[in-house]
Amino acid sequence: MKSLLLAAVASLFGCSTAAPPGPCVAYQVPVGTDLSQPTLSFQKDVIPILQTNCAKSACHGSSLGKNNGVYLGTPEGPVDASRVHGALVNVTSPTAPALQFVTPSDPGKSFLLRKVDGDLCMIEAQCGRNCGLSMPKEAPPLDVASRDVIRRWIAQGATNN
């Protein structure tokens, strides 16, 4: 009963649990989805999603401090896209050392997408321990359209454009 209650609370807040009930299921991109179109811009399309959902001062948006492992800009004002890009792309995740936060051209091997898709159970072996919580923390999951913007940007090479 306690594990069911924890799972319900976790799903309400968009968080994963250490042992999800039932089989682990990875997010599946709908059949026929073309990740090469439309062409996306990191600065115009991806940064606003990160800024709105992830760049909170208590999460990944403090210009000082650890930022829970990665700096993603500030919630307001201009964002240094080069700094955010440099913190994500080809940078090994300390939580899952076998993965990078963003692996250009390979969304399936990008830790960031596992976090926002909420399918961390698919990569627990690469973490060497619990992979942490789904993101955004203590908030509803990002909508599919926002996650697919990030997915397309990664599939298109994760450039700083």
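Counting begins at 1 with the first residue of the sequence.
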Would the distance check show the side chain of Ser41 and the main-chain N or O of Asn161 forming a donor-acceptor pair, the cut-off being under 3.5 Å?
yes
On a heavy-atom basis, the closest approach of Thr92 and Pro97 is CG2-O, 3.3 Å
Val149 and side chain to side chain contact (heavy atoms under 4.5 Å, CB included): which single residue from Ile49, Asp143, Ile154 fits?
Ile49
Thr103 vs Asn90 side-chain heavy atoms within contact, under 4.5 Å:
no
Ring-plane angle category for Phe111 and Phe101, please: parallel below 30°, perpendicular beyond 60°, tilted otherwise.
tilted
Between His85 and Ala158 (side chain of the first, backbone of the second, donor and acceptor by atom type, cut-off under 3.5 Å), is there such a pair?
yes
Grab the two heavy atoms, one from Ser105 and one from Gly157, that are nearest each other, plus how far apart they are.
OG-CA, 3.6 Å
Keeping Thr52 on the side-chain end and Pro48 on the backbone end, is there a donor-acceptor pair under 3.5 Å?
yes
Would you kindly confirm whether Val91 and Val116 end up in one hydrophobic cluster when ILVMFWY residues are joined by side chain heavy atoms under 4.5 Å apart?
yes
Side chains of Arg151 and Asp117, heavy atoms from C-beta outward: is any pair under 4.5 Å?
yes
Using every non-hydrogen atom in the two residues, find where Asp34 and Arg152 come nearest and quote the distance to one decimal.
O-NE, 3.5 Å
What are the two closest heavy atoms between Ser82 and Asn160, and how far apart are they?
OG-ND2, 3.2 Å
Over all heavy atoms of both residues, which pair between Arg114 and Gly108 is shortest? Give the atoms and the distance, please.
NH2-O, 3.2 Å
Whether Gln51 side chain and Val79 backbone form a donor-acceptor pair below 3.5 Å
no
Please check this pair: side chain of Ser93 against backbone of Thr95, looking for a donor-acceptor N/O pair closer than 3.5 Å.
yes
When rounded to the nearest 0.5 Å, the distance separating CG of Asp148 from CG of Leu40 is 10.0 Å
Keeping the roles fixed (side chain from Gln156, backbone from Pro38), state whether a donor-acceptor pair exists under 3.5 Å.
yes
Tell me, do Tyr27 and Arg147 make a side-chain contact under 4.5 Å, heavy atoms counted?
yes
Donor-acceptor pair, side chain of Trp153 and main chain of Thr159, under 3.5 angstrom:
yes
Non-hydrogen atoms of Gln43 and Ala81 that approach each other most closely
CG-CB, 3.5 Å
Within the structure provided, determine whether Ile150 and Leu113 are in side-chain contact (heavy-atom separation under 4.5 Å).
yes
